[in-house]
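Below you'll find the structure, written out as structure tokens, and then a few comments.
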There are 2 protein chains.
Amino acid sequence: MVQAELQHLKIAEYLIDCISAGVYKEGDKIPSENELCRQFGTNRSVVRQAVARTASLGWLTSWQGKGSFVNQRPRLVPYNLSSSTCFSDNMNNQGIMHSCKLLKCVKRQPTEKEKYYLQLDRESSVYELEILRYVDRCPISVTTTILPAEKVPQLEKHLNNFQSLYQVMSGYYHLKPRRFKSVFQAMLPVTSDAELLHIPENVPIIKIESFVNHLDQPVEYSNSRIRGDMQKGLITF
Amino acid sequence: MVQAELQHLKIAEYLIDCISAGVYKEGDKIPSENELCRQFGTNRSVVRQAVARTASLGWLTSWQGKGSFVNQRPRLVPYNLSSSTCFSDNMNNQGIMHSCKLLKCVKRQPTEKEKYYLQLDRESSVYELEILRYVDRCPISVTTTILPAEKVPQLEKHLNNFQSLYQVMSGYYHLKPRRFKSVFQAMLPVTSDAELLHIPENVPIIKIESFVNHLDQPVEYSNSRIRGDMQKGLITF
DNA sequence: AAGTGGTCTAGACCACGGG
DNA sequence: CCGTGGTCTAGACCACTTT
């Protein structure tokens with residue numbers, strides 16, 4: 001790697017080189033800011049700028065009171081995007097250990113957008129679920145799912161020991177959900193999603209909106225925010 | 001927006017509020033760092049931290065010697081991801097003004113990965129193209145395309161006034177390229193791509209790798225890096 | 001020449017975590 | 001308690017743009 005002239009870039013490159021070369025391994029603590037000041041004979045502002053840059057490039061995370069630690073480099077889990085909608089099946093097919101947690105389940109009036117997407121009239125209400133999914137005990141995505149209440153009456157009664165929304169929909173309501181459209185986009189997470197996913201605000205995510213039908217009737221609209229550093233999407237035509 | 005206790009967060013929130021409220025509009029220059037120091041009765045480091053945060057959240061871009069300016073918020077151009085591979089057609093179908101520029105065309109030996117993807121034997125060579133695409137004169141994506149040289153002999157002779165790779169492939173070589181697999185992922189751009197796309201390093205991009213066949217024979221492998229703030233992908237099943 | 005942001009210095013105090 | 005990173009001060013000089 002070419003030597004930079006600027007001090008903070010030089011220190012950042014040094015850190016990245018060390019991590020790349022395995023001098024500091026995943027989970028290791030790098031030297032403290034004051035120690036780096038001594039090593040490079042410079043000021044703490046400069047060192048902080050270097051560490052901040054290295055962190056924003058995804059190599060480190062800093063923790064107040066503890067130090068700065070080399071990020072885990074998780075493997076990229078492929079997600080097969082097709083008309084089949086089941087996350088569990090998708091992971092099981094690849095032999096990937098996974099789980100999920102239901103964060104929220106409320107019944108409420110739909111927004112205008114939801115009315116339009118789900119073709120609802122003015123009287124109807126919807127369920128809003130929030131589901132956090134894990135791969136190898138690591139949070140990978142958070143999904144907000146909107147379901148028309150008339151399609152899944154008393155949904156809250158079937159969500160104990162929640163494992164898979166698809167199982168609930170097919171098991172209790174005899175629905176065969178099929179994804180017919182998805183829209184995906186790269187963005188930075190909002191603060192609340194960053195917290196749920198245990199990532200700093202500068203790690204990009206993929207937002208996938210999916211529109212799901214049962215026999216040409218809309219039964220689900222979902223909005224997933226997925227860690228870009230952990231999952232890639234596969235599409236086959 | 002709730003008032004933060006910390007000075008740099010307070011100033012960052014103030015700037016974002018002003019931009020949201022239209023006090024500073026797209027392309028406007030915000031007050032200089034020294035001016036903000038005076039307004040908030042604080043130090044330039046604090047103001048710089050605030051401006052850096054606001055910039056990293058995508059609201060501003062700073063230019064040495066000129067000032068900090070409110071980012072344009074470009075509309076999101078939808079890209080229809082299907083087995084049809086043509087960017088031009090995709091944009092034309094939506095009535096979106098577009099163009100492209102050929103940055104590179106070289107004939108070389110394939111890498112191991114390219115040999116595998118394109119099912120090449122050891123003697124064969126490939127063309128590598130780099131194409132920068134624009135929407136409304138704004139760079140939106142950069143694509144590296146690998147083509148087996150035997151499928152497109154003397155390709156360089158057909159690239160004057162380059163408009164569409166699909167046109168060249170079908171017009172001169174009678175190929176009917178069909179995308180059969182794509183893999184997409186959110187990430188941050190490498191420095192060279194950030195420069196080509198005119199974005200700072202903290203704007204996420206979507207990387208889309210596409211595998212393209214002609215009559216079940218691989219004819220193209222492409223790797224696109226697309227500005228996440230300008231394009232969203234559409235998939236229909 | 002004046003104004004802008006970029007880099008850097010040399011300190012200070014605070015909040016948090018672990019021994 | 002001590003070491004850590006987080007915040008903040010009050011300056012300095014430099015590179016670049018505009019006037």
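Atoms considered below: every heavy atom in the structure, side chains included; atoms not considered: hydrogens, waters and symmetry mates. Below, chain A is the first sequence line, B the second, and so on; all start at residue 1.
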*For Ser32(A) and Asn34(A), what are the C-alpha separation, side-chain angles and deciding distance, and is it a side-chain hydrogen bond (donor to acceptor under 3.5 Å, both in side chains)?*
CA-CA 5 Å; Ser32(A) 75; Asn34(A) 283 317; 5.3 Å; no
*Specify the separation, in whole Å, of atom CG of Asn43(A) and atom C1' of dG11(D).*
12 Å
*N or O in side chain of Arg48(A) less than 4.0 angstrom from dG6(D) OP1/OP2*: yes
*Between dG3(D) atom P and Arg38(A) atom CZ, what is the distance in whole Å?*
10 Å
*asked:* Salt bridge check, Arg108(B) against Glu128(B): does any charged N sit closer than 4.0 Å to a carboxylate O?
replied: yes
*Between dG11(C) atom P and Glu33(A) atom CD, what is the distance in whole Å?*
17 Å
*Whole-Å distance between dG3(C) C1' and Glu35(B) CD?*
12 Å
*asked:* For a quick test of reading the model: is some side-chain N or O of Ser68(B) closer than 4.0 Å to OP1 or OP2 of dT4(C)?
replied: no
_If the cut-off is 4.0 Å, is Thr42(B) near the phosphate of dT9(D), judged by side-chain N/O to OP1 or OP2?_
yes
*What's the NE2-P distance between His8(B) and dT9(D), to the nearest Å?*
12 Å
*More than 12 heavy atoms of other residues, nucleotides or ligands under 6.0 Å from OH of Tyr134(A): is that the case?*
yes
*asked:* When you compare the side chains of Ser62(A) and Ser68(A), does any donor N or O come within less than 3.5 Å of an acceptor on the partner?
replied: yes
*Give a yes/no on whether any side-chain N or O of Ser32(B) is located under 4.0 angstrom from OP1 or OP2 of dG3(C).*
no
*Rounded to the nearest Å, what distance is computed from the CH2 atom of residue Trp63(A) to the C1' atom of nucleotide dA15(C)?*
16 Å
*Before accepting this row, confirm whether a basic side-chain N of the pair Lys10(A)/Glu13(A) lies closer than 4.0 Å to the acidic partner's carboxylate O.*
no
*For Arg44(A) and dG11(C), give me the distance from atom CZ to atom P, rounded to whole Å.*
14 Å
*Hey, is the side chain of Gln7(B) poking within less than 4.0 Å of OP1 or OP2 on dT7(D), counting only N and O atoms?*
no
*Output yes when at least one side-chain N/O atom of Gln64(A) is less than 4.0 Å from OP1 or OP2 of dG17(C), else no.*
no
*Earlier contact from the 5' end, DNA chain C, for Gly65(A) and Lys66(B)*: Lys66(B)
_Between dT17(D) (P) and Asn34(B) (CG): distance, integer Å_ = 19 Å
